[in-house]
Structure formats: C-alpha cells, structure tokens
Amino acid sequence: MKNNLPSPIVICVGAVGLNLCGWFVVRTLGLPLYLDTGGTVLIAMMSGYVPGIVVGFATHFLTSFIDESEMYYCSVSIFAAICTTFLARRGYFQTLPKTLLTIPPLALIATTLSEFIGKFLFCNGVVQALSEIQMNFTAIFLRELLDKGLVVLAAFVLLKFLPPRVKDIFSGLGQRQAPLTAEMKSAVYARKCPKSSLRVKILLILMLSSLFIAASIASISYRIFEQACVGVQVKIADGLATIAASQLAAAQSPAYLEENLLSIRNSNPDVRNLRVEKFSATGSQVIFNSDGNSSNEKILEHLDDLIAGRPIPPIIADDLLTLCKPVYDAAGKAQCYVVIELTLDLISDYGRAFTAKVLALFSGCFVFVFVIGLRFVENNIVLPVNTMAYCANNFAYDNSEYCANNVEQIKRLKIHTGDEIENLYHALLKTTQNAKDYFERLRRAKRQVAEMDELAHKDSLTGIKNKAAYDEATALLDEKISAGVAKFCIAMVDVNYLKKVNDTYGHEKGNTYLLNASKLICSVFGEENVYRIGGDEFVVVLEGDKVSLSKYFVKQFNAEMARKNANKSLEPWEKVSAAVGLAFYTANDKMADEVFKRADKEMYANKLAMKAARTD
C-alpha cells in the first residue's frame with residue numbers, strides 16, 4: 001500500500017505549491033492577508049520540524065525572484081513551522097477547540113517577527129522603528145489573526161481527510177537504518193550519557209560555527225559595503241571639486257564665481273560645505289565659504305603638502321568626508337585649494353538597513369541550515385550510535401536463545417550511512433555474530449564435558465553411579481567431617497550367587513541378575529544414593545534426615561528380596577540375593593572410610609549368617 005503513495009518530496013512540493021497559490025491570489029486581488037503559510041502549517045502538523053521548515057524556506061526563496069523583500073521574511077514561516085510542530089506533538093490539533101487555541105500564538109509570532117523585520121528594514125533609526133511598531137502592532141496582529149485562523153482551520157480540515165498512512169510516509173524520514181520498535185525507540189532516546197551527549201556537542205558545534213560564519217560574513221560584507229559607499233562619495237566629492245576648480249581657473253568676476261560655487265554646493269544634498277582656501281606657513285586663508293563653517297583642523301595636519309601644492313588623501317572624521325582639490329595656474333603652480341565636505345549620514349542609514357537585511361536573512365537561513373544539519377547528524381550519527389549502544393548493552397551472553405535474538409535484532413537495524421558509522425555497525429554485527437558462535441561452541445563443549453563427566457561417573461552396566469563417583473562422594477563427606485557438620489550412614493550391599501549364575505546360565509544371565517539387584521537397591525534406597533563399586537558390590541550413602549530411615553530401608557530391602565525369592569515362577573537370574581551391612585557415622589570417625597569398613601564388616605557378618613541358614 002505504501003508504494004502507491006506519493007513520496008515525501010512530492011508532498012512537500014505540493015505544499016510549496018499551495019503556499020505559492022495563496023501568495024499569488026492575495027497579490028492579484030490585493031487582499032489584506034498573506035495566505036502563504038497554508039502548506040507550511042499543514043506539513044508541520046503531520047510531519048515535523050524539518051519538512052515544515054523546508055516548505056516555508058522554499059516558498060520564500062521562490063517568491064523572492066518576484067519580490068526580493070520576501071526572502072527577508074522567511075524566518076516568519078520558519079518559526080511558524082516550529083511553533084506548529086511543537087503544538088502538534090502535544091496533541092493540539094486533535095480536536096477543533098484545541099486547534100482554535102493555536103491561532104493566537106501563531107499570529108503573535110508572525111506579527112512580532114514581520115513587524116520587527118519590516119520596520120528595521122525601512123525605517124531610519126531604532127527609535128522610529130520601535131515607535132511605528134507600537135502604533136501598528138494591534139492592527140497587524142488582527143490581520144495576522146485572521147490570516148492564521150483561515151490557514152490553521154483549512155489545514156485542520158485537510159488533515160482530517162488525509163488517510164493515516166499518508167502521515168506515516170514522513171516517519172523515519174532521512175534515517176539511514178530500519179525503523180525502530182516503540183520499545184527500542186523509547187530506550188534509545190532515554191539513554192543518558194556520563195557528561196554530555198553527542199547530540200548536545202554537535203548542537204553546540206553547529207550553533208557556534210554557524211554564528212561565527214554568519215558574524216564573519218556579515219562583518220566582511222559590511223566593511224566592503226561601507227568602503228564601496230565611501231568610494232562613491234569620494235568620486236562625487238572629487239567631481240564637484242573638479243568643477244569648482246575649473247570655475248576658479250576661468251578667472252571670472254567674483255560675483256559670477258560665487259554664484260557658480262553656490263550652485264555647485266546646492267547641486268548635491270550631501271555637500272555640507274564648499275570652501276576655497278589658501279595655505280601658508282601661518283595656516284589657512286579662507287577665500288570663499290559657502291556656509292561660514294570654520295576650516296577642518298584635520299586638514300592642517302597635512303599643511304606641508306598643502307603649502308607645496310601636493311594633493312592629499314580624503315579625510316574622514318565624524319561622519320564627514322573632506323576632500324581638497326588643488327587649483328593650478330597656467331605655470332602649473334597650485335594657487336589655492338577647493339575644499340569640499342560631504343556628510344556620510346546616508347552611509348550610516350544604509351548601514352543600518354544593510355545590517356537589518358543581513359540579520360533578517362541570517363535568522364531564516366540560520367534556522368534552516370541548523371535544523372537540516374541537526375537532522376542529518378541525528379539520522380547519520382547520533383541515532384545509529386545510540387541504537388548500536390543499546391543493542392550492545394542488552395546483548396545476552398548467558399542465554400543462547402536471547403543471544404540469537406540479539407544478533408537478529410542488530411541485523412534488522414540495516415544501518416547504511418555509507419561512512420565510518422556503517423563500518424562500525426558491520427564490525428559490531430561481526431563481533432556479536434562471532435560472540436554468538438563462540439558461546440554456542442563453548443556451550444556445546446560444556447555439554448560434551450558434562451556428558452563425558454557423567455559417563456566417567458556412571459556404571460556402564462547398571463547406569464548408576466560408579467566407584468569414581470563414590471570416591472568423590474566420600475571426599476565430600478571427609479570435608480564435612482573436618483568441618484564438624486557430617487551426618488550420614490553407609491550401607492554395604494554384596495550380591496550373592498553371581499559366580500554361580502554366571503557359571504550355570506552364562507554371563508548374559510549374570511548381567512541380568514546384577515541389573516535386577518541394582519533395580520531393587522535403587523527402588524528402596526533411591527538411585528541418587530546408590531553406587532556400584534565392584535562386580536557384585538554396591539554402596540548406599542544416606543545423609544541428613546534419611547539417616548533416621550536407614551534401618552527401615554534395610555528392612556524393606558530384605559522383605560522385597562524375600563518376596564522375590566519366594567516367587568516360584570521367577571527364574572534364578574530374576575531373583576535377588578544380597579547381604580547388607582549398615583554403619584553410622586560417629587564423632588570418633590575421622591574419615592568416611594572408617595564408616596565404610598564397619599558397614600563392610602557387618603555385611604560380611606550377615607553374609608556368613610545367610611550362608612549358615614542356607615539349605616540348598
């Protein structure tokens with residue numbers, strides 16, 4: 001289904017087109033509205049910061065080809081997108097009442113930004129700009145309130161008619177890995193770093209570098225702009241001074257000369273004064289002065305050059321440009337100087353407007369570049385690194401099933417940044433896969449060792465524990481004796497007639513005879529307590545509470561053995577005959593073997609008694 005839907009780029013282009021249509025309609029009909037943020041608000045509602053900011057920036061970039069001042073207002077749309085996304089993520093556009101609450105803040109942001117940008121661009125001085133903002137703020141706010149009300153309500157209606165899967169197109173936009181589950185996403189974004197996160201560090205680097213670049217470009221641009229303006233004023237002053245000098249060289253009547261000089265003075269509003277001065281060792285002598293202002297003292301710093309008739313560089317001081325033009329006679333000797341002073345106030349006004357334009361452009365472009373850069377870093381560095389850290393931290397080493405699931409989880413990430421992050425991902429994947437294989441081999445080896453150990457401690461015929469297992473059991477009993485916590489008894493069971501069964505019926509029947517004896521012993525005393533330590537010898541070790549039941553077990557064993565032997569239908573190898581000896585641990589015993597020897601001695605005594613009682 002998703003393949004049949006338009007791509008995010010197509011949707012964003014459509015939103016830009018919606019903005020341009022609104023802007024064109026307003027300009028064509030002369031409406032007191034803007035209607036150029038409809039697409040921006042709609043995209044910001046359903047997709048987030050970056051798409052909304054991109055749509056707003058692209059709209060103003062395109063409209064600036066028709067009206068260049070539009071680019072200065074791109075920050076209005078950008079901050080409208082930011083505010084809309086902020087409110088949308090808190091559920092303000094789910095219902096109509098909450099949607100209506102978003103209109104005033106959007107109108108306030110748009111009014112504040114547009115008024116400050118507009119007034120500082122086109123007003124002379126900060127005081128005048130603030131005064132005009134104060135006078136017009138309410139009227140502009142009401143206009144913005146109507147404009148943003150129409151835009152937000154139209155976007156709200158459109159959003160209700162859009163299928164939910166259209167919104168899903170923007171989920172994971174720009175991410176260089178597979179989408180995360182809700183559990184992983186909450187865990188990854190909730191991870192805390194020891195000091196500061198990579199996201200914060202990159203955020204600071206982006207911000208500081210952007211501010212540094214912007215400040216450097218603005219400063220250099222302003223200096224170039226200022227020098228260019230001063231150069232223009234110098235050329236104007238030089239041209240006017242040249243005309244005045246030609247009038248003086250013509251040797252016209254004083255009245256006619258004064259009239260011409262005054263006309264030159266009044267030809268340009270930036271000319272503050274036009275004088276004709278003659279310089280000597282005693283100072284300057286003013287021959288003509290259009291405004292009666294005194295001579296500039298800065299000129300006298302070049303008195304030696306002026307007396308010698310040499311030209312001096314333009315003098316700039318206190319927003320005033322002073323240029324001295326020598327007037328030569330027919331012999332080429334400087335007779336006097338035309339001194340013209342031009343005010344540089346216009347350059348200051350241009351400088352304020354230039355600074356305002358740079359700040360207006362920078363504010364929008366800075367946010368645009370900053371958000372794009374931050375999203376790029378988030379998707380290509382921060383999110384992949386945090387996701388891999390989460391997977392590595394939750395890697396299960398002690399459970400083969402969980403370990404395999406963790407490896408599959410890492411495989412499903414499919415990080416494809418195409419750089420060192422992807423190399424790190426493949427290294428992590430290879431390491432975890434190797435770890436999984438290693439632990440799997442280790443577990444198999446442990447199972448094999450356990451099986452071999454079990455075989456080494458198990459009797460091959462009867463399947464019960466053997467002499468090696470008994471030796472380990474007695475070693476543990478010796479430790480308990482040394483620790484003073486021993487409580488046990490040992491029963492020695494010796495099977496009778498094994499040689500006779502083997503000789504009479506064969507070894508196969510003899511083995512069956514032993515198996516039957518083993519089964520009877522295990523059924524009475526418990527298989528976990530029985531050991532076969534010889535061909536026809538079995539040992540029973542009882543500990544703890546079972547010690548008190550040991551005599552009952554011996555009695556029950558003898559009863560079961562008698563019952564089997566009394567059964568005439570059983571073959572000789574199906575019957576069981578064995579002598580039992582029981583001995584208990586006492587405080588005088590230093591080793592378990594001492595208890596075993598007493599049990600063995602009692603067993604032989606019982607065996608002799610059984611032989612004496614035989615009638616066959």
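Hydrogens, waters and symmetry mates play no part in the numbers below; they use all other heavy atoms, side chains included.
- In the model, T343 has no side-chain atom that pairs as donor or acceptor with a side-chain atom of D270 under 3.5 Å.
- Ionic pairing of E440 and R444 is present here: one or more N-O contacts between side-chain nitrogen and carboxylate oxygen are shorter than 4.0 angstrom.
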Mind listing the side-chain donor-acceptor pairs of residues 366-374 below 3.5 Å, one per line with the distance, residues two or more places apart or on another chain?
none

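- Counting heavy atoms from C-beta outward, K98 and T102 have side chains that stay 4.5 Å or more apart.
- Counting only heavy atoms from C-beta outward, the side chains of M46 and L159 approach each other to under 4.5 Å.
- Ring planes of F137 and F141: parallel class, angle under 30° (limits at 30 and 60°).
- Evaluation of the side-chain hydrogen bond (donor to acceptor under 3.5 Å, both in side chains) test over residues 17-41, restricted to residues two or more places apart or in two chains, returns N19-T40, N19-T59, W23-E70.
- Residues D437 and Q433 bring a donor and an acceptor atom of their side chains to less than 3.5 Å of each other.
- Between M388 and I421 there is a side-chain heavy-atom pair separated by less than 4.5 Å.
- Partners of F156 under the ring pair (Phe, Tyr, Trp, His ring centres under 6.0 Å) rule, at least two apart in sequence or in another chain, do not exist in this structure.
- Counting heavy atoms from C-beta outward, S114 and Y73 have side chains that approach closer than 4.5 Å.
- Of the possible polar contacts, none joining the T112 side chain to the I109 backbone as a donor-acceptor pair under 3.5 Å is found.
- Test V50, V55, L18 against I43 for side chain to side chain contact (heavy atoms under 4.5 Å, CB included) and you get one pass: V55.
- Within the 4.5 Å cutoff, side-chain heavy atoms of L413 are placed close to those of C391.
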